[in-house]
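Here's the structure we're looking at; comments come further down.
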Amino acid sequence: MQHTVVDELGARLAAPEEFGREALVVCDAVVRIFRTGGVEVQALQGLDLLVGRGEMIAVVGASGSGKSTLLRILSAADAPSAGTVRVGRWDLGALSARDRVTYRRTVVGTVRQQTARNLVPYLTARQNVALPLTLAGRPHRTARTRVDELLELVGLADARDRRPAGLSGGEQQRVAIAVALANGPQVLLADEPTGELDTTTGQQVFEALRAAQREAGTTVVVVTHDPAVSGQVERTVAIRDGRTSTEVLRRAHVGTDGAHGFVAEEYAVMDRAGRVQVPREYREALDLTRRVRLALEDDHVAVRPDTTRADTGTAPAPERRRRRHGAA
Ligand code: ADP
Ligand code: MG
């Protein structure tokens with residue numbers, strides 16, 4: 001009996017086809033549907049995403065594309081309607097109420113856009129950062145050292161005795177990052193943490209997130225509106241209509257003149273069924289509609305318009321075809 005269990009487990013762990021086996025965060029065909037007053041909104045429509053341990057990624061996308069929904073699911077504040085979400089050994093689609101509390105306290109840290117909502121207003125920076133440690137039952141002395149280390153990490157050692165009202169918006173967000181890191185989470189989730197800040201202050205907040213990744217080894221997922229931000233992370237994932245549509249990878253490279261720099265390359269994301277979204281500009285430029293022709297070439301796949309122009313599935317009438325091409 002026991003053998004069977006062990007063998008099955010062994011087989012499952014060894015299954016080479018398991019999606020994202022190595023990744024810390026795995027989203028596999030995640031769907032989230034909201035129903036309000038008879039109206040159904042599909043906030044996530046089969047989203048796939050892998051994030052490696054210790055990686056920092058930016059998530060970008062138009063308003064309403066599903067970014068916050070994704071983050072809320074990753075922080076276990078919400079649950080997927082379908083699909084699989086896994087963070088480390090935690091299956092977020094099937095958390096008990098008790099596991100949810102443990103997960104939220106120990107595995108993830110979150111930073112919200114609204115600066116005012118991240119901190120307790122009547123506590124100093126130090127007391128705010130100490131709060132989660134006290135709740136977790138950390139002895140006072142070790143907690144104190146940790147609080148100072150964390151405030152140092154986000155560049156706010158000097159501000160430790162100030163209350164939120166005495167801190168700028170950017171400083172408040174950096175304290176919020178220290179609070180989120182207090183219990184040593186594996187993943188830090190930040191939903192538009194620089195949304196209410198100007199560019200310079202936003203940069204400092206971003207620098208604090210990078211410090212969390214670099215020095216604490218935390219995996220960071222940050223949602224942002226700021227296009228300049230994608231220039232600062234190795235990978236930017238774009239969400240469109242509740243799915244990951246493109247990824248921009250940024251790589252160090254050495255130019256012909258020997259200068260060190262970075263190149264950013266955009267990739268389309270292919271889902272597990274082989275679906276790729278063709279950007280609207282491309283579709284419009286070549287009039288790609290419901291059907292396209294695919295051809296396998298030596299080193300690429302060609303996508304060509306449907307020359308029969310058959311919207312209904314049958315060949316079009318000759319007159320219609322002439323009209324379309326403007327022949328009189
Ligand atoms: P983003 O953060 O990218 O702006 P959201 O994840 O907040 O997008 O929202 C995605 C879609 O889901 C939107 O159409 C939004 O109106 C809808 N939505 C989000 N949360 C809820 C909710 N609690 N109830 C109903 N609809 C929601
Ligand atoms: Mg949002």
Side-chain angles (χ1 to χ4, degrees), residues 25-51 56-87 92-93 95 97 100 103-104 108-119 169-170 172-173 176-177 179-180 187-199 201-202 205-206 208-209 219-230 232-233 235-248 266 268-269 271 277 279-280:
V25 176
V26 178
C27 296
D28 185 359
V30 178
V31 174
R32 179 64 173 102
I33 297 169
F34 292 106
R35 288 189 185 86
T36 37
V39 184
E40 193 175 90
V41 178
Q42 285 211 18
L44 299 179
Q45 311 189 25
L47 177 135
D48 295 331
L49 176 68
L50 300 179
V51 187
M56 173 163 174
I57 70 160
V59 176
V60 298
S63 179
S65 57
K67 306 180 298 292
S68 294
T69 303
L70 171 66
L71 252 63
R72 284 171 51 75
I73 288 175
L74 290 177
S75 69
D78 189 17
S81 310
T84 307
V85 184
R86 182 173 69 67
V87 176
L92 301 190
L95 282 182
R100 184 178 309 276
Y103 176 84
R104 286 176 60 82
V108 286
T110 57
V111 177
R112 290 187 280 198
Q113 175 178 359
Q114 301 92 341
T115 36
R117 290 176 56 189
N118 284 310
L119 302 174
Q172 289 181 44
Q173 288 301 65
I177 292 170
V179 172
V187 188
L188 181 61
L189 303 169
D191 194 350
E192 303 198 33
T194 62
E196 293 180 350
L197 308 174
D198 61 62
T199 315
T201 329
V205 171
F206 228 77
L209 292 173
T219 303
V220 180
V221 178
V222 53
V223 170
T224 179
H225 249 48
D226 186 354
V229 151
S230 22
Q232 301 188 42
V233 292
R235 186 152 73 104
T236 301
V237 173
I239 297 191
R240 195 180 295 151
D241 302 332
R243 286 165 179 261
T244 40
S245 60
T246 61
E247 291 197 5
V248 174
E266 184 169 302
V269 174
D271 78 7
Q277 186 173 36
R280 183 188 295 161

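Each ligand, and each atom within it, is numbered from 1 in the order the structure gives.
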the protein heavy atom lying closest to atom 27 (C) of ligand 1 turns out to be Phe34 CD1, 3.3 Å
Determine whether a donor-acceptor pair (N or O, by modelled atom type, separation under 3.5 Å) exists between the side chain of Thr244 and the backbone of Asp48. yes
Residues Thr84 and Val30: closest non-hydrogen pair is O-CG2, 3.4 Å
**Message:** Main chain of Glu247, side chain of Arg235: is a donor-acceptor contact present, judged purely on distance under 3.5 Å?
**Reply:** no
Based purely on interatomic distance, does Lys67 place a nitrogen or oxygen under 3.5 Å from a nitrogen or oxygen of ligand 1?
-> yes
Atom 12 (O) of ligand 1: closest protein heavy atom, distance to 0.1 Å, is Ala43 CB, 3.3 Å
(Q) For the residue pair Gln277 / Arg243, report whether a side-chain donor-acceptor contact shorter than 3.5 Å exists. (A) no
With heavy atoms and a 4.0 Å threshold, my read on which part of Val41 contacts ligand 1 is side chain
Q.
Check for me whether Gly242 has a heavy atom closer than 4.0 Å to any atom of ligand 1.
A. no
Between Ala58 and Thr224, the two heavy atoms sitting closest are CB-CG2, 4.3 Å
Shortest non-hydrogen pair, Gly169 vs Leu197, comes out as C-CD2, 3.6 Å
Ala62 heavy atoms within 4.0 Å reach ligand 1 at atoms 3 (O)
In terms of heavy-atom contacts, Gly46 and Val31 come closest through N-CG2, 3.7 Å
When distances are taken from atom 7 (O) of ligand 1, the protein heavy atom at minimum range is Ser68 CB, 3.7 Å
### Query
Would you say atom 15 (C) of ligand 1 touches the protein, meaning some protein heavy atom is under 4.0 Å from it?
no
Of all protein heavy atoms, the one nearest atom 10 (C) of ligand 1 is Gly64 O, 3.4 Å
request  = Please check if the side chain of Asp191 supplies one atom and the backbone of Val223 the other of a donor-acceptor pair under 3.5 Å.
outcome  = no
(Q) Within 2.8 Å of the Mg ion (ligand 2), is there any N, O or S atom belonging to Ser68? (A) yes
Side-chain (Thr69) to main-chain (Ala43) donor-acceptor, under 3.5 angstrom
no
For Ser65, the atoms of ligand 1 under 4.0 Å from one of its heavy atoms are 1 (P), 3 (O), 8 (O)
The protein heavy atom nearest to atom 9 (O) of ligand 1 is Thr69 OG1, 3.8 Å
Among non-hydrogen protein atoms, atom 8 (O) of ligand 1 lies closest to Gly66 N, 3.2 Å
